[in-house]
Amino acid sequence: MYKRQGYVRSEEQHDSAIATAKNVKGVVEVIDALLIVKEKRSTGRTLDDQTIETKLKYSLKDAGAASQALAIVTEVRNGEVLLGGFVESEAVKKRAGEISAHVNGVTKVHNRLAIK
């Protein structure tokens with residue numbers, strides 16, 4: 001199993017990343033957690049996104065999901081959160097999404113967490 005996650009700028013980049021992952025020797029399944037974000041961010045927006053991501057990591061940790069929080073990969077672009085990685089249960093996945101949605105500055109949550 002191979003998981004591709006993050007942000008790309010075009011459908012072509014998306015398709016290329018997935019195709020590359022599928023061609024890696026030994027990979028039998030690719031989990032697609034890529035999002036297309038076409039616009040560039042300003043320096044101020046980038047700093048805002050980094051602040052949101054820091055708050056998000058602390059919120060996940062403080063919510064009693066400390067052991068799971070380290071397994072959750074977070075990325076923020078233009079206020080939108082991408083959650084990726086593998087967690088133990090559907091309940092943890094759901095809770096991570098709920099916590100993310102309540103972090104100040106978050107405009108949307110893309111919960112692409114996979115269950116182990």
Side-chain angles (χ1 to χ4, degrees):
M1 186 180 308
Y2 190 80
K3 186 164 187 166
R4 294 294 311 206
Q5 74 181 51
Y7 293 88
V8 293
R9 293 206 176 178
S10 68
E11 189 71 36
E12 293 79 22
Q13 285 181 339
H14 173 270
D15 294 345
S16 176
I18 297 301
T20 299
K22 287 180 178 178
N23 287 324
V24 173
K25 185 178 180 176
V27 170
V28 294
E29 179 185 6
V30 174
I31 299 172
D32 179 3
L34 293 172
L35 295 176
I36 299 170
V37 178
K38 295 181 180 184
E39 67 272 358
K40 290 185 176 182
R41 295 184 295 174
S42 67
T43 302
R45 179 72 252 183
T46 300
L47 291 172
D48 289 346
D49 288 343
Q50 289 172 343
T51 300
I52 292 168
E53 190 164 357
T54 300
K55 290 177 187 177
L56 174 57
K57 278 295 193 183
Y58 278 108
S59 295
L60 289 168
K61 182 181 163 286
D62 290 344
S67 62
Q68 293 289 299
L70 295 177
I72 297 173
V73 178
T74 60
E75 293 185 53
V76 180
R77 293 288 184 277
N78 300 319
E80 294 189 24
V81 172
L82 172 60
L83 298 175
F86 296 89
V87 293
E88 299 290 331
S89 68
E90 185 66 35
V92 172
K93 176 180 177 175
K94 182 179 177 186
R95 183 70 181 129
E98 291 168 350
I99 291 167
S100 300
H102 288 94
V103 171
N104 190 28
V106 171
T107 59
K108 187 172 186 178
V109 177
H110 302 275
N111 192 339
R112 303 291 171 85
L113 290 167
I115 311 302
K116 289 183 191 178

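The analysis underlying the following values was restricted to heavy atoms, covering all of them including side chains, and did not include hydrogens, waters or symmetry mates.
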Contacts under 3.5 angstrom, residues 49-58 side chains, donor-acceptor by atom type, not counting sequence neighbours:
| from | atom 1 | to | atom 2 | distance (Å) |
| --- | --- | --- | --- | --- |
| Asp49 | OD1 | Arg45 | NE | 3.0 |
| Asp49 | OD1 | Arg45 | NH2 | 2.6 |
| Asp49 | OD1 | Asn78 | N | 3.3 |
| Asp49 | OD1 | Gly79 | N | 3.0 |
| Asp49 | OD2 | Arg41 | NH1 | 2.8 |
| Asp49 | OD2 | Asn78 | N | 2.7 |
| Thr51 | OG1 | Leu47 | O | 3.0 |
| Glu53 | OE2 | Thr74 | OG1 | 3.1 |
| Thr54 | OG1 | Gln50 | O | 3.0 |
| Lys57 | NZ | Ala69 | O | 3.3 |
| Lys57 | NZ | Ile72 | O | 2.5 |

Identify the heavy atoms of Phe86 and Lys116 that sit nearest to each other, and give their distance. CB-CG, 3.7 Å
How long is the gap from CG on Leu113 to CD on Glu90, to the nearest 0.5 Å? 9.5 Å
Nearest-0.5 Å distance, CG of residue Asn23 to OG1 of residue Thr20: 7.0 Å
Taking Lys93's backbone N and O only, do any of them form a donor-acceptor pair with Asn111's side chain (distance below 3.5 Å, no angle check)? yes
Heavy-atom closest pair, residues Ala101 and Val106: CA-CG1, 4.5 Å
Glu29 CD to Lys22 NZ distance, which is reported to the nearest 0.5 Å: 10.0 Å
Out of curiosity, Leu60 CG to Ile99 CD1, how far, rounded to the nearest 0.5 Å? 5.0 Å
Do NZ/NE/NH1/NH2 and the carboxylate oxygens of Arg77 and Glu80 come within less than 4.0 Å? no
Identify whether Val87 and Val73 are in the same connected component of the hydrophobic contact network (ILVMFWY, side-chain heavy atoms under 4.5 Å). no
Mind listing the closest non-hydrogen atom pair of Val81 and Tyr7 along with its distance? C-OH, 3.9 Å
Gap separating the CD atom of Glu11 from the CG atom of Leu34, nearest 0.5 angstrom: 10.0 Å
Atom CD1 of Ile36 and atom CZ of Arg9: how far apart are they, to the nearest 0.5 Å? 12.5 Å
Which heavy atom of Ile115 sits nearest a heavy atom of Glu88, and at what distance? CG2-O, 3.8 Å
